[in-house]
Amino acid sequence: PARASIVLPTRNRAALVAQAIRSVQAQDFQDWELIVVDDGSSDDTRAVVSAFLDDGRIRLESIEHAGAAVARNHALALARGEFFAYIDSDNLWFPDFLAAAVAAFDAEPGLDLLYGALVTEAHGLADSCLLLQDFDRPRLLQGNYIDMNTVVHRCTLYAELGGFDESLDRLLDWDLLLRYTAGRTART
């Protein structure tokens, strides 16, 4: 199996999903599998993703519309990598993202979860386009400042604590991060 499993849920994103997939294919670190879960799209999303299936690392799963938590959990249940990463169909990764994450895990065997900076124009940041703050559990309890598209964690967290709460329609990433970081020591 690949060292990194990448979860990409999508619904009615035919115009965007190809760019997200291409950004995964462009990774410097190439030992990955990409599990795309189409959450009941009514547009051409499945056809767009199908055009990438000649890359044997990419898999398309189609489910009836059930929401992002169910779609992500479907992918997580199929994932076989040592590390799990997340990308949404309207996001892109820099080419060195996975390489940097895997190198950090290899350098720190006790590290369970990491996140990186998000370059964004959509978050209304006053002085920057960079969203990154050091880990602060009390602050995380007050509100989520970690974008799921920058999160990578060991598969053992999923095995131990489960996936996304399917009863939530919103804030499911925050809930997962709160569970995955509870009782753990932060390192910067």
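Residue numbers start at 1 and run along the sequence shown.
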Using 0.5 Å steps for rounding, measure from the [atom1] atom of [X] to the [atom2] atom of [Y].
X: Tyr180; Y: Ile146; atom1: OH; atom2: CD1; result: 13.5 Å
X: Leu177; Y: Arg137; atom1: CG; atom2: CZ; result: 9.5 Å
X: Asn144; Y: Leu178; atom1: CG; atom2: CG; result: 7.5 Å
X: Phe97; Y: Ile87; atom1: CZ; atom2: CD1; result: 8.5 Å
X: Trp93; Y: Asp28; atom1: CH2; atom2: CG; result: 12.5 Å
X: Ile21; Y: Ile58; atom1: CD1; atom2: CD1; result: 5.5 Å

Give me the atom names and distance for the closest heavy-atom approach of [X] to [Y].
X: Val48; Y: Ala18; result: CG1-CB, 3.9 Å
X: Pro1; Y: Asp31; result: O-OD1, 4.4 Å
X: Ser50; Y: Leu60; result: OG-CD2, 3.7 Å
X: Ala75; Y: Val37; result: CB-CG2, 3.7 Å

Axial cation check for Phe83 ring with Arg3, 6.0 Å and 45° limits: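 Ring-cation test returns no.
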For atom CZ of Phe29, is the number of surrounding heavy atoms from other residues, nucleotides or ligands below 6.0 Å larger than 12?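 Yes, enclosed.
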Non-hydrogen side-chain atoms of [X] and [Y] separated by less than 4.5 Å:
X: Asn91; Y: Ser89; result: no
X: Phe84; Y: Val152; result: no
X: Gln19; Y: Leu92; result: yes
X: Asp112; Y: Leu157; result: yes
X: Phe52; Y: Gln25; result: yes
X: Arg72; Y: Asp88; result: yes

Do [X] and [Y] belong to the same hydrophobic cluster, where Ile, Leu, Val, Met, Phe, Trp and Tyr are linked whenever their side-chain heavy atoms lie under 4.5 Å apart, directly or via other members?
X: Val17; Y: Trp32; value: yes
X: Leu161; Y: Phe164; value: yes
X: Ile6; Y: Leu78; value: no
X: Leu113; Y: Trp174; value: yes
X: Leu98; Y: Val36; value: yes

Show the numbers, then the answer: is there a side-chain contact (heavy atoms from CB on, under 4.5 Å) between Asn73 and Leu76? CA-CA 5 Å; Asn73 284 341; Leu76 288 170; 3.8 Å; yes
Taking atom types as modelled, find out whether [X] and [Y] have a side-chain donor-acceptor pair closer than 3.5 angstrom.
X: Ser41; Y: Asp38; result: yes
X: Tyr115; Y: His153; result: no
X: Gln30; Y: Arg57; result: yes

Under 3.5 Å, side chain of [X] to main-chain N/O of [Y], donor-acceptor pair present?
X: Gln27; Y: Phe94; answer: yes
X: Thr45; Y: Arg13; answer: yes
X: Ser5; Y: Gly81; answer: yes
X: Arg11; Y: Gly40; answer: yes
X: Asn12; Y: Asp43; answer: yes
X: Asp39; Y: Ala71; answer: no
X: Tyr145; Y: Asp136; answer: yes

Please report the C-alpha distance between Asp175 and Asp165 in whole Å, then the side-chain angles of each, then the deciding distance to 0.1 Å, and finally whether the side-chain contact (heavy atoms from CB on, under 4.5 Å) criterion is met. CA-CA 8 Å; Asp175 173 75; Asp165 184 339; 3.6 Å; yes
Is Arg59 paired with Glu33 through a side-chain N to carboxylate O contact shorter than 4.0 Å?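 Judged by the 4.0 Å cut-off on N to carboxylate O distance, Glu33 and Arg59 do form a salt bridge.
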